[in-house]
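Naming: A, B, ... by sequence-line order, numbering from 1 per chain.
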There are 2 protein chains.
Amino acid sequence: MPDTTRRADRLPGNRYGNRPTMKDVAARAGVGLKTVSRVVNGEPGVTPETERRVQEAIDALGFRRNDSARVLRKGRTASIGLVLEDLADPFYGPLSRAVEEVARAHGALLINGSSAEDPDREQELVLALCARRVDGLVVIPAGDDHRYLEPELKAGVATVFVDRPAGQIDADVVVSDNFGGARDGVAHLIAHGHRRIGFIGDMPRIHTAAERLRGYRAAMEDAGIPVEDSWMSLGVTDPERVRRAAEEMLADPRPVTAVFTGNNRVTVTVIRVLAEHTARVALVGFDDIELADLLQPGVTVVAQDAAALGRTAAERLFRQLDGTLLAPDRIELPTRLVTRGSGELPPAV
Amino acid sequence: MPDTTRRADRLPGNRYGNRPTMKDVAARAGVGLKTVSRVVNGEPGVTPETERRVQEAIDALGFRRNDSARVLRKGRTASIGLVLEDLADPFYGPLSRAVEEVARAHGALLINGSSAEDPDREQELVLALCARRVDGLVVIPAGDDHRYLEPELKAGVATVFVDRPAGQIDADVVVSDNFGGARDGVAHLIAHGHRRIGFIGDMPRIHTAAERLRGYRAAMEDAGIPVEDSWMSLGVTDPERVRRAAEEMLADPRPVTAVFTGNNRVTVTVIRVLAEHTARVALVGFDDIELADLLQPGVTVVAQDAAALGRTAAERLFRQLDGTLLAPDRIELPTRLVTRGSGELPPAV
DNA sequence: CCCGCATCTGACAACGTTGTCCAGGCTCTA
DNA sequence: TAGAGCCTGGACAACGTTGTCAGATGCGGG
């Protein structure tokens with residue numbers, strides 16, 4: 001048979017293409033297996049001369065230690081898993097990066113996966129990570145029942161939930177103050193004279209969305225403003241439907257004079273819609289947006305610190321692994337109202 | 001000693017906390033080890049009754065197969081590695097997500113790491129991934145010498161470089177048409193009457209930056225415009241220095257009337273600077289930016305398709321693993337000039 | 001010159017899984 | 001009813017590494 005494959009399996013040998021093992025290195029260097037292991041791991045008790053010979057063999061063969069075997073023997077993988085919704089979302093990029101930096105500081109690699117907001121896919125990913133025996137898990141949950149994690153927790157897999165709490169199990173959680181942030185954002189609009197305020201947010205089955213909705217209602221109630229159904233749009237996420245929802249609110253005979261948007265994607269779409277309208281409608285959005293300060297008017301937002309969420313969660317994770325963290329807790333990080341103009345527009349009467 | 005640890009090592013047993021193994025499951029179900037393996041892997045040759053007993057034991061014990069051991073035996077990890085510059089950069093998020101989707105379609109997990117544009121860190125990451133025996137690597141290189149990968153390539157690790165070519169080795173590459181894109185972008189400015197055009201870009205040791213600079217020079221030369229040194233700022237990346245560079249160009253007695261920016265981060269900073277100035281300076285940026293259409297004026301950009309880069313690279317990777325891809329090649333994806341206003345401003349005389 | 005000690009080295013088992021191979025029990029047919 | 005053949009289940013080795021422990025070597029002192 002002609003040799004058509006260019007890379008793998010071209011050489012006879014084991015299944016990793018043809019990777020040399022410590023045994024091969026030992027044979028070439030004329031030493032024992034364990035001596036090679038000692039050199040590779042920088043353990044003491046090897047004469048410089050022997051070490052030199054081994055190192056030479058390693059370089060000549062292009063040997064790399066097989067960490068799968070190492071993990072099997074040692075029991076720690078020095079890797080952690082991160083399950084989030086969508087890496088392409090500008091909110092999760094910095095979060096992921098922050099987790100990675102903490103992991104790196106602890107000598108661990110990061111394996112991550114996107115759940116696409118699908119509970120089944122979340123579970124599938126988490127279990128795949130557990131099968132690889134990651135030392136710990138950072139999870140931004142899509143589902144609301146995490147009892148499937150019980151065996152893992154019992155087995156000592158460190159776990160921290162971020163952005164949204166775990167469902168049905170007792171686990172560490174790091175979240176933003178979604179309720180307070182939304183309440184303050186809506187109160188800000190009310191303070192600037194608005195009474196008819198729209199809310200466009202994600203499905204209330206998503207914890208953050210529900211909390212932000214609750215904040216909206218609380219602010220309205222505090223001000224003694226009864227909320228009309230037509231002011232609220234829940235569960236729309238894709239740009240097309242958000243657009244339609246916003247258009248409807250503005251087309252109403254008694255239209256809203258301000259809109260509070262429940263997350264960065266919704267905000268961006270609503271900005272587009274408002275830009276097409278002549279009516280000056282006030283806007284406060286949850287989540288910060290790049291370039292929000294350069295738009296006309298600047299976009300007022302309730303900003304949360306994605307990197308801080310990731311960093312805090314990862315640090316707690318490693319404290320679990322250290323054994324310095326004893327009991328699951330819930331950490332709530334504050335949000336910050338950033339006024340830039342759009343939230344300070346007066347109501348167009 | 002009091003029990004202070006909450007999770008790991010609380011129970012006696014093996015090193016994964018206390019994970020049940022197939023042996024434990026077999027003992028509990030009263031069957032042989034291999035029978036459990038057959039059930040777990042859905043292999044034929046197990047009576048329904050036996051399968052039921054085994055499944056029951058699995059559920060009762062919370063058994064999860066240990067993939068480290070499996071990998072050791074089978075030789076394939078069903079995981080691929082992605083090394084990029086910074087996950088938090090909006091350009092790499094979608095790229096990473098695209099790679100993940102392709103990996104998922106092939107049943108593989110994605111391990112990724114950020115090199116922070118540091119060649120040593122890139123090598124460290126790549127070798128760590130190789131030690132875990134990833135089946136393949138997608139690399140956005142920071143360095144320009146990849147001979148350290150030779151043993152890996154020989155051993156059959158599928159490898160694709162993205163966004164920038166590999167150095168000193170023969171490997172698959174998927175890049176954007178950086179040269180052509182930049183040339184077209186600058187030509188666009190020239191076509192709108194500009195002659196004094198500034199260029200602010202990254203260090204030319206970065207391949208993409210060098211190509212874009214080459215495109216700038218080519219367009220200027222095609223138009224017969226000699227480039228003055230004061231128009232070019234190379235190697236600045238952090239916002240503060242980009243800002244200073246832009247200020248200087250504008251403060252010149254004969255200031256530039258247009259600026260071409262070499263990547264998304266530079267573009268954002270320059271937009272900020274221009275917004276503070278009254279002079280109408282034209283701008284074309286490399287890389288698209290969210291909300292660029294809503295600024296006043298809209299930002300004209302040379303857009304590249306990050307997701308397509310990732311997707312193409314990952315698909316080639318799996319074709320290497322299939323054996324259906326025979327020789328390394330270089331794929332160049334086109335860029336797209338998106339006119340939105342800032343690039344069509346006439347020169348302020 | 002021999003013993004004891006320190007230092008360096010290697011043989012061996014174990015980690016948890018899968019592939020190979022064989023044994024035992026069953027069914028079916030002659 | 002005996003023999004052939006099939007189906008199920010289990011014993012065993014192997015994957016590449018590391019921990020344990022004991023053997024080999026060399027050196028100095030008695």
Rounded to whole angstrom units, what separation is found between the [atom1] atom of [X] and the [atom2] atom of [N]?
X      : N      : atom1 : atom2 : result
A:R38  : D:dT20 : CZ    : C1'   : 11 Å
B:R133 : D:dT17 : CZ    : C1'   : 11 Å
B:R76  : C:dT17 : CZ    : P     : 22 Å
B:R19  : C:dC15 : CZ    : C1'   : 15 Å
B:K34  : D:dC12 : NZ    : P     : 16 Å
A:L33  : C:dC12 : CG    : P     : 12 Å
A:D24  : D:dG16 : CG    : P     : 8 Å
B:R73  : C:dT20 : CZ    : P     : 8 Å

Under 4.0 Å between a side-chain N or O of A:K74 and OP1 or OP2 of D:dG19?
yes
Between protein and nucleic acid, restricted to nucleotides 23-28 of chain D and to nitrogen or oxygen atoms under 3.5 Å apart, what atom pairs and distances do you find?
none

Could you tell me whether A:E152 and B:R19 have a side-chain N and a carboxylate O separated by less than 4.0 Å?
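Salt bridge between A:E152 and B:R19, a charged N being under 4.0 Å from a carboxylate O: yes.
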At 10 degrees resolution, what angle do the end axes of the helix from C:dC1-D:dG30 to C:dA30-D:dT1 form when each is taken over five base pairs?
60°
